[in-house]
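Heads up, the thing below is written out as structure tokens.
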Amino acid sequence: MYNPMMIIDGRPVLASDGSVHKILNPATGELVGEVPSGGRQEAHQALTAASRAFPAWAATSPGKRADVLHQAASLVRELADEMAVMLTLEIGKPLRASRREVLGSADVLDYFAEEGKRAFGEWTISGAGKSRSLVIRQPIGVAALISPWNYPVDLLSWKVGAALAAGCTAVAKPSSMAPIAASAFIEAINRAGAPPGVINLVLGPGSTAGAELVESPLSQKISFTGESATGRWIMAAAAPRLKRLSLELGGSAPFIVCADADVKSAAEACVQRAFNNAGQICISVNRVYLHHDVEEEFMELAIQRAGRLRVGSGMEDVDLGPLASEEQRKRTREHIEDALSRGARLRLGGSEPEGEQYSRGHFFLPTILDRVDHSMRVMREETFGPVMPVMTFKNLEEAVRLANQTEYGLAAYAYTNSLDAAVYLAERLESGGVGINSNNVVDLQAPFGGWKQSGFGRELSHHGLEGYLELKHVKIGL
Ligand code: NDP
């Protein structure tokens, strides 16, 4: 049993009214832990602590801040095995994926520790030569860091690493669905020497604890990752105080396979990106567009590959764990039923796996549909489940039109061996990240974020750090 506590001003805290929230294993339904369920009061206390800690942390040199972050990264690595088990038990993903996520979060802390030292200024001579302009970057203030359940540790580390390196203090609020490993992560940073109040942890529902973090005059920056609908609410709630915002929202990534592509590697990459984390990724492949000429070969390879994926408890050697909740499974089922009722063809999966070992979890088989079109929910909405819908195109112009026919714009992928086609697609696809012969658009050194309804603001890279800094022009008369 895991029973983490909130961390406010460096101290462990329970909910003032004693409320707790139970976390159940999505593979078995068994109790994994109980976490305090805080609300507005705890969020306010955490913001107050962060406000108090801000002046000293902002004045701490980037090198000293880096020492704390490096120390925290080492501690997270030491705890990686334990934290990975927490992650798998609370959210279902296979253990090796959980371990990769935790180790990745340590790398993020190390990265931002060093990037914080490079918040360079500028120095220019005025037109008339009688003054100098110094441009400096300073931390915004207290940041509210609100994260979702699908990558509870990794996505939180993107925010915490950048905020703390920039000199902001922060309050982290992980998703109520997956708060255990995220709590261990925040605890590790506190244990690694972050002064009290620099990084606080509030656990509780978004509608109360989260809303207070957004609405309170004590937070100056909101960094949110989650659904587009929640992002819209947050933007409206933050508007009266013109708070700085980064919104990382939903996605509907197209995967284009051109006539000249290496079909084998495209099929392998597509299956991997569609079914990784059981499709519960904002950059998961949501829509596959195949050139007519490669359809048959691609489908054969993809069905074979996806058919070999092993489904089961994340504690075993599997490729797909259960979906995180029954709600996710219900939506997956509904999207498939809707597609089939409109003429799609089921090529693989389409149901829960059979067997006693699956009876108590939210398992679902990797599913491949073809003959889909854009009238179907699976092509318009985020399924967030293990479904790969496929349709065909005749030329690049049509591929781009179909790929961009979505309100989202987070990631897009294209496989081709033509340089011209690669550049044509990279320049025309409307999304914050484009993978050319790559099924990943995440890299520590590169900006990650969305266009359109996938949000705005960037995480990772020096652009991620910028999100926590304000520019100041200091004009020096001579
Ligand atoms: P939600 O929007 O439901 O929740 C995200 C976080 O926001 C949770 O911590 C939640 O708290 C909190 N929250 C909910 N309502 C409010 C509110 N009114 N004020 C403040 N905070 C609030 O998203 P999910 O957790 O369901 O995550 C899945 C979504 O995240 C998908 O749409 C996915 O595409 C997106 N996502 C986007 C990524 C990106 O980088 N663009 C990456 C990963 C996921 P609680 O749940 O505890 O109530």
Side-chain angles (χ1 to χ4, degrees), residues 6 15 19 21 23 35-40 42-43 47 90-91 93 101 144-159 171-180 182-183 201-216 219 222-238 243 245-253 276-286 323-325 327-328 331 381-385 406-411 431-433 440-442 447-460 464 467:
M6 292 184 267
S19 306
H21 172 66
I23 305 297
V35 299
S37 184
R40 286 192 177 264
E42 290 77 7
L47 288 170
E90 66 181 330
I91 211 67
K93 63 181 67 176
E101 174 170 348
L145 312 176
I146 304 174
S147 52
W149 51 262
N150 61 336
Y151 283 83
V153 179
D154 197 26
L155 294 174
L156 192 56
S157 75
W158 296 9
K159 301 178 189 308
V171 180
K173 198 213 84 65
S175 161
S176 305
M177 272 172 68
I180 296 174
S183 298
L201 170 72
V202 168
L203 302 171
S207 55
T208 55
E212 179 66 22
L213 296 180
V214 174
E215 292 168 340
S216 165
S219 61
I222 318 292
S223 177
F224 168 80
T225 302
E227 288 183 23
S228 295
T230 318
R232 280 183 211 107
W233 182 88
I234 287 179
M235 191 167 173
K243 292 192 184 180
L245 283 179
S246 306
L247 300 176
E248 300 283 359
L249 309 177
S252 176
N276 196 1
N277 208 26
Q280 303 167 114
I281 316 186
C282 52
I283 58 166
S284 193
V285 171
N286 300 93
L323 293 175
S325 67
E327 192 191 333
Q328 293 303 123
R331 183 163 55 189
E381 299 170 26
E382 210 181 11
T383 306
F384 237 54
T406 168
E407 61 178 16
Y408 295 112
L410 190 60
S431 67
N440 194 0
V441 292
V442 179
F448 179 84
W451 286 22
K452 305 191 321 194
Q453 300 297 303
S454 292
F456 51 79
R458 292 293 178 269
E459 298 200 279
L460 302 179

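When reading the values below, keep in mind they use all heavy atoms of this one structure, side chains included, and skip hydrogens, waters and symmetry mates. Residue numbers start at 1 and run along the sequence shown. Start at 1 and go down the list; that is how both ligands and their atoms are numbered.
- Atom 23 (O) of ligand 1 has Glu227 N, 3.4 Å as its closest protein atom, hydrogens excluded (heavy atom only).
- Within the 4.0 Å heavy-atom criterion, neither part of Ala237 lies near ligand 1.
- At under 3.5 Å, a nitrogen or oxygen of Thr230, whether backbone or side chain, sits near a nitrogen or oxygen of ligand 1.
- At the shortest separation from atom 42 (C) of ligand 1 among protein heavy atoms lies Cys282 SG, 2.6 Å.
- The shortest N or O to N or O distance between Gly206 and ligand 1 is below 3.5 Å.
- Looking only at protein heavy atoms, the nearest one to atom 28 (C) of ligand 1 is Phe384 CE2, 3.9 Å.
- In terms of polar-atom proximity, defined here as any N/O pair under 3.5 Å, Leu249 does make such a contact with ligand 1.
- Residues Leu247 and Met235 form a side-chain contact, since some pair of their non-hydrogen atoms from C-beta on lies under 4.5 Å apart.
- Close contacts of ligand 1 with Trp233, meaning ligand atoms under 4.0 Å from a residue heavy atom, involve 17 (C), 18 (N), 19 (N).
- The part of Leu155 lying near ligand 1 is the side chain, judged by heavy-atom distances below 4.0 Å.
- Counting only heavy atoms of the protein, atom 8 (C) of ligand 1 lies nearest to Ser147 O, 3.4 Å.
- Looking only at heavy atoms of the protein, atom 24 (P) of ligand 1 is closest to Trp149 NE1, 3.5 Å.
- Looking at Ser228 next to ligand 1, no N or O pair under 3.5 Å apart turns up.
- Close approach to Pro205 involves these atoms of ligand 1, each under 4.0 Å from a residue heavy atom: 48 (O).
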